[in-house]
Amino acid sequence: MSKQVERLQESEKGTKISIAVYILMAGLKLAVGFFFNASSLIADGLNNFGDVISSVAMLIGMRTSRIPPDENHPYGHWKAESIASLLTSFIMILLGMQVLIDAIGNILNGELTISNPLAASVGLISATVMWGVYRYNLNLSRKTHSKGLKAVAKDNLADALTSLGTSVAIFAATFSLWWIDYVMAIIVGLIILKTGIEIASENVFSLSDGFDQELLAQYHSSIIKIEDIQQIVSLKARMYGNNIYVDITIVVNGEMSVQTSHDLTEEVEELLFKQFDVMHTDVHVEPLSMHKI
């Protein structure tokens, strides 16, 4: 089993945990929110319900990513995770808009929130649980280099913050500060929108072959230190799912043997893998005579 597939399998654990927690939290919040007419708690529950859908889509994307290459996909299916993450961001954006619309509707209709310790406690419990899930998924995403799981972790953090805000709103109703519930519902919607837009932007950048220029500069400064490399004519990189693909053209002494130049390409590949976790490197070698003025 390849290292990439092992990472995807490890990432799936975090997504499965998120799905289970979201189902539990969504059911609890919606039930308590409707019973006590807590609009911010209902908004938070709807958010969690949407998270169930997006997390399932992410899990499907992760599993699709590790399907072996076939005739129609000779490079594999690694981009499926990025596509799933992009789909997740669209779901979050739509859900955030719906929460905002509902919050504004409640304000116009003049619906009041009834303070209840149980409803507030649900928000606090959810905030604590989601913070724990966020920390677990964030650490796991760093370990597995999974952008999909990183997106899930961002969603977990947004949920923790919004659940905390929900509790504040319900407690505020005790002091007749009913308007705070509406404010918090709007904040929930805005947080969901912001997170969705950030995830969408990151994945569009990756899927359109955008790459971190600072990271490219680090590659360059490390490779140029290798003995026998005279110049680096071209250095490009792109993301294929969570895997980094590098294309590089190096210049060497034209009298170098084929075996020596081959060994040099292997050295470049090994350096990028060990220092930067680059999974695939394509090295093209050219003689110095081609670049002399």
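Just so it is clear, the structure is predicted and the values come from calculations on it, not from any experiment.
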Under the 3.5 angstrom rule, does the side chain of Ser141 hit a backbone N or O of Ser146 as a donor-acceptor pair?
no

Looking at Val152, Leu149, Asn137, Leu59, which hits side-chain contact (heavy atoms from CB on, under 4.5 Å) with Ser11?
Leu149

For the residue pair Ile229 and Val268, establish whether any side-chain heavy-atom pair is separated by less than 4.5 Å.
yes

For a 4.5 angstrom cut-off between non-hydrogen side-chain atoms, does Leu87 reach Ile83?
no

Please output the side-chain donor-acceptor pairs of residues 125-134 that fall under 3.5 Å, not counting sequence neighbours, one pair per line with the distance.
from: Ser126; atom 1: OG; to: Lys29; atom 2: NZ; distance (Å): 2.6
from: Ser126; atom 1: OG; to: Ser163; atom 2: OG; distance (Å): 3.0
from: Thr128; atom 1: OG1; to: Leu124; atom 2: O; distance (Å): 3.0

Checking Lys274 now: which residues fulfil side chain to side chain donor-acceptor pair (under 3.5 Å) with it, not counting sequence neighbours?
Glu270

Please say whether more than 12 non-hydrogen atoms of neighbouring residues, nucleotides or ligands are located less than 6.0 Å from NZ in Lys150.
no

List in chain and number order the residues that pass side chain to side chain contact (heavy atoms under 4.5 Å, CB included) with Glu214, two or more places apart in sequence or in another chain; answer none if no residue qualifies.
Asp212

Distance (rounded to the nearest 0.5 Å) between Ile226 CD1 and Thr265 OG1
10.0 Å

With respect to Asp247, which candidate in His284, Arg238, His280 satisfies the side chain to side chain donor-acceptor pair (under 3.5 Å) definition?
Arg238

Only counting residues at least two apart or in another chain, list the ones meeting side chain to side chain contact (heavy atoms under 4.5 Å, CB included) with Leu94.
none

Ile91-Leu190 co-clustered via ILVMFWY side chain contacts under 4.5 Å:
no

Between Glu267 and Asp263, is a side-chain contact (heavy atoms from CB on, under 4.5 Å) present by the stated rule, with each step listed?
CA-CA 6 Å; Glu267 186 175 352; Asp263 293 341; over 6 Å; no

Would you be so kind as to tabulate the donor-acceptor pairs closer than 3.5 Å made by side chains of residues 199-207, with sequence neighbours excluded?
from: Asn203; atom 1: ND2; to: Ser85; atom 2: OG; distance (Å): 2.9
from: Asn203; atom 1: ND2; to: Ile199; atom 2: O; distance (Å): 2.8

Let me see the working for Phe276 and Ser222 under side-chain contact (heavy atoms from CB on, under 4.5 Å), right down to the final yes or no.
CA-CA 10 Å; Phe276 303 100; Ser222 294; 3.6 Å; yes

Just by modelled atom types, is the Thr64 backbone N or O under 3.5 Å from a matching donor or acceptor in the His77 side chain?
no

Evaluate the side-chain contact (heavy atoms from CB on, under 4.5 Å) criterion for residues Leu272 and Ile223: first the C-alpha distance (whole Å), next the side-chain angles of each, then the deciding distance (0.1 Å), finally the verdict.
CA-CA 8 Å; Leu272 289 177; Ile223 294 169; 3.9 Å; yes

Check this for me, if you would: do Glu12 and Arg66 make a salt bridge, where the nitrogen-to-carboxylate-oxygen distance has to be below 4.0 angstrom?
yes

Between the side chain of Thr260 and the main-chain N/O of Met256, is any donor-acceptor distance below 3.5 Å?
no

I would like to know whether Leu215 and Gln218 meet side-chain contact (heavy atoms from CB on, under 4.5 Å); could you show each step before the answer?
CA-CA 5 Å; Leu215 197 53; Gln218 292 177 32; 3.9 Å; yes

Exercise: identify the closest heavy-atom pair between Ala26 and Gly45:
CB-O, 3.7 Å

Please identify each residue that fulfils side chain to side chain contact (heavy atoms under 4.5 Å, CB included) with Leu216, with sequence neighbours left out.
Phe211, Gln213, Tyr219, Leu235, Ala237

Is there side-chain contact between Tyr22 and Asp155, with at least one heavy-atom pair below 4.5 Å?
yes

Answer whether the closest heavy-atom distance between the side chains of Leu24 and Asn48 falls below 4.5 Å.
no

Distance in Å, Glu10 CD paired with Met62 CE, rounded so as to fall on 0.5 Å steps:
11.0 Å

Joint hydrophobic cluster, Val252 plus Leu271, side-chain heavy atoms closer than 4.5 Å:
yes

Near Phe49 CZ, under 6.0 Å, is it more than 12 heavy atoms from other residues, nucleotides or ligands?
no

Applying salt bridge (Lys or Arg N to Asp or Glu O under 4.0 Å) to Lys236 and Asp209, what does each step give before you reach the verdict?
CA-CA 10 Å; Lys236 297 179 289 186; Asp209 286 341; over 6 Å; no

In the structure I gave you, are the side-chain heavy atoms of Tyr245 and Met279 within less than 4.5 Å of one another anywhere?
no

Find the distance between CG (Asn156) and CG (Asp51) and round it off to the nearest 0.5 Å.
7.5 Å

With a 3.5 Å distance limit and no angle check, can you tell me whether Ser234 reaches the backbone of Thr249 through a side-chain donor-acceptor pair?
no

Side-chain heavy atoms of Ile19 within contact of Val56, under 4.5 Å:
yes

Nearest 0.5 Å, please: how far is NZ in Lys194 from CD1 in Ile191?
8.5 Å

Measure the CE-CD distance between Met239 and Glu81 for me, rounded to the nearest 0.5 Å.
9.5 Å

Distance in Å, Ile232 CD1 paired with Ile248 CD1, rounded so as to fall on 0.5 Å steps
4.5 Å

Just so I know, are the side chains of Val21 and Ser18 near enough to count as touching, which here means a heavy-atom distance under 4.5 Å?
no

Heavy-atom side-chain proximity of Glu269 to Val283 below 4.5 angstrom:
yes

